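Let me begin by presenting the structure, written as structure tokens, before commenting on it.
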Amino acid sequence: MTTTQRIAKMKLGEALIANGFINQEQLKEAIARQKQTGKRLGQILIEMRVVTERDITEVLSKQLNVPFIDLSNYIIDPAIAKLVPEHIAQRHQLIPINKVGNKLTVAMVDPLNVLAVDDIQLMTGLQVKAVVATPSDVQKALQDTYGAHSQLDKVFDDIAGTDIAKEAASAEDLESFGELGENDAPIIRLVNLIITQAVNIGVSDIHIEPYEKELRVRYRKDGVLYTEMTPPKKAQAAITSRVKIMSSLDIAEKRLPQDGRIKLKVNNRGIDLRVSVLPTAWGEKVVMRILDQAGLRVNLEDLGFEPATYERFKDGIKTPYGIILVTGPTGSGKTTTLYSALTTLNEIRVNILTAEDPIEYQLHGVNQVQCKPEIGLTFAAALRSFLRQDPDIIMVGEIRDY
């Protein structure tokens, strides 16, 4: 009999001991508290701070022989989530995460909930494959997926009954950003929701794309774009004007590309958005790159390098001479790699200078220069000045052909 098979036959407390999460004394104390409170053993152990939700869920996964998943690594397609109504998902604490052929994968807090599985199979006509996830992860996924889309539905309904042309014309007045309020104009609420939802999900880019009969909003997460929502086509001009005002761009200019920046707070976190507006056949496309200081991984070991590549790169950046060139397509991690390298090298004994346009993240102890070609502060001009600044390390943010 394998270790997994032995664990599967144990009770939860015994399985936690077998996996080294708790000892016999802690189990006895938890059982005593359980008799007094009537709470579940797992919840009591979490309150005692001897295990985490994830510890218990992984042990349950082995006990029940049901795969464990980390929902934070999943992009949940709204179209798949809508296969199960919100009230059913909330009641049974589950969320659909994938559909292949006639098989629907559902993340559940309790994968032994046969009634829930039967309900979903009857409702969808699909075969349900249950996987187990932590209660907090499932609850967050429910909020991110159904909560945001409930708000979206309300905003779309409000837009349907609004004079959008009038809103677009008065876009200069749309200057606030904050929590969604019932009294805010529908366009303000929609743009706020697009941005806050993107930050909460952890995406890197927001694309607002106009087509002949459709307006599409796509998010990029982990390098992959997917459609998040399709706002009413008639809201296109007002949405673009709203974003332009937030990023201090010219709302009257619709023929030329424009670049801007938005600084705001989402959930008490400072967020920068780098904004690009591009005229296309069916209107202006808006792309917002999200720069989240809190989400920046600055530890080289966390970037996912293969061991041999990691050692070569680490040795390369610590060589006291030479050039390292970091290249790759949009969203491939160039900025994260460069800032992680700078953080590794950032010591009191070295002078680090960077030329960037724009400065995406501010690093304490690094002398960062914002290039401004319109006033003559080009990358070339910055580099000439750097040579008179006694540099040890220079980072050039981009190689441009002027």
Side-chain angles (χ1 to χ4, degrees), residues 171 174-180 188 190-208 217-223 225 228 239-251 257-278 284-299 302-303 326 328-343 346 352-375 377 379 382 395-398 400:
L174 309 182
E175 296 178 350
S176 63
F177 184 93
E179 298 299 323
L180 300 179
I188 290 180
L190 177 55
V191 174
N192 286 9
L193 192 57
I194 289 171
I195 294 172
T196 54
Q197 184 173 328
V199 172
N200 290 336
I201 294 173
V203 308
S204 61
D205 300 87
I206 303 168
H207 292 238
I208 303 174
V217 176
R218 291 195 293 171
Y219 289 165
R220 185 185 296 278
K221 183 169 182 179
D222 298 329
L225 278 168
E228 177 62 24
I239 291 172
T240 304
S241 295
R242 167 65 172 158
V243 174
K244 282 184 173 181
I245 290 301
M246 293 175 71
S247 48
S248 301
L249 300 179
D250 183 359
I251 65 168
Q258 297 188 69
D259 295 318
R261 196 159 186 162
I262 301 172
K263 284 180 175 288
L264 46 84
K265 281 195 172 183
V266 178
N267 301 330
N268 293 319
R269 288 159 54 193
I271 302 293
D272 283 2
L273 290 96
R274 195 169 66 190
V275 180
S276 173
V277 180
L278 178 71
E284 294 174 288
K285 171 173 177 172
V286 177
V287 174
M288 291 179 273
R289 165 66 59 88
I290 298 174
L291 307 174
D292 181 2
Q293 186 79 44
L296 177 67
R297 294 191 186 100
V298 291
N299 190 338
D302 296 335
L303 297 188
V326 178
T330 299
S332 61
K334 300 184 296 297
T335 298
T336 302
T337 301
L338 285 170
Y339 278 102
S340 297
L342 288 176
T343 301
N346 188 11
I352 303 176
L353 297 157
T354 75
E356 305 175 60
D357 185 18
I359 296 173
E360 299 197 23
Y361 298 98
Q362 295 182 346
L363 299 177
H364 179 71
V366 176
N367 303 284
Q368 296 170 272
V369 174
Q370 169 68 58
C371 290
K372 297 178 181 177
E374 63 274 14
I375 63 171
L377 183 52
F379 283 96
M395 192 275 278
V396 181
E398 296 183 37
R400 294 184 178 178

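Numbers here are sequence positions counted from 1. Owing to the predicted nature of the structure, the values given are computational and were not obtained by experimental measurement.
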Minimum-distance pair of heavy atoms, taken over all atoms of Ser241 and Ile251: O-CG2, 3.9 Å
Derivation of the side-chain contact (heavy atoms from CB on, under 4.5 Å) call for Leu264 and Met246: CA-CA 9 Å; Leu264 46 84; Met246 293 175 71; 4.0 Å; yes
Donor-acceptor side-chain pairing of Gln368 and Glu356 below 3.5 angstrom: yes
Worked check of side-chain contact (heavy atoms from CB on, under 4.5 Å) between Ile239 and Leu190: CA-CA 8 Å; Ile239 291 172; Leu190 177 55; 3.5 Å; yes
Option among Lys285, Met288, Glu284, Arg218 that satisfies the side-chain contact (heavy atoms from CB on, under 4.5 Å) test with Ile208: Met288
Rounded distance [0.5 Å steps], CE in Met395 versus CG in Leu338: 5.0 Å
Flag side-chain contact, heavy atom, 4.5 Å: Gln362 against Asp272: no
Which atom of Ile206 lies closest to which atom of Ile194, heavy atoms considered: CG2-CG2, 3.8 Å
Gap separating the NZ atom of Lys263 from the CG atom of Leu273, nearest 0.5 angstrom: 10.5 Å
Short side-chain to backbone donor-acceptor contact, Ser204 and Arg220, under 3.5 Å: yes
Nearest-0.5 Å distance, OG1 of residue Thr335 to CG of residue Leu291: 8.0 Å
Sequence-distant partners of Lys372, salt bridge (Lys or Arg N to Asp or Glu O under 4.0 Å), two or more places apart: none
Rounded distance (nearest 0.5 Å) linking atom CG of Asp259 with atom CG of Leu278: 9.5 Å
Verdict with reasoning, Leu225 to Tyr219, per side-chain contact (heavy atoms from CB on, under 4.5 Å): CA-CA 5 Å; Leu225 278 168; Tyr219 289 165; 5.9 Å; no
Minimal non-hydrogen separation, Val243 against Ser247, with atom names: O-OG, 2.7 Å
Heavy-atom pair of closest approach, residues Val369 and Ile359: C-CD1, 4.0 Å
Smallest separation among heavy atoms of Asn346 and Gly365, with atom names: OD1-O, 3.5 Å
For Gln258, all residues meeting side chain to side chain donor-acceptor pair (under 3.5 Å), sequence neighbours excluded: none
Intermediate values then yes/no, side-chain contact (heavy atoms from CB on, under 4.5 Å), Arg242 and Asn192: CA-CA 10 Å; Arg242 167 65 172 158; Asn192 286 9; 3.6 Å; yes
Nearest non-hydrogen partners of Asp357 and Pro373, listed with the distance: OD2-CD, 4.2 Å
CG-CD1 distance between Asp250 and Ile245, expressed to the nearest 0.5 angstrom: 8.5 Å
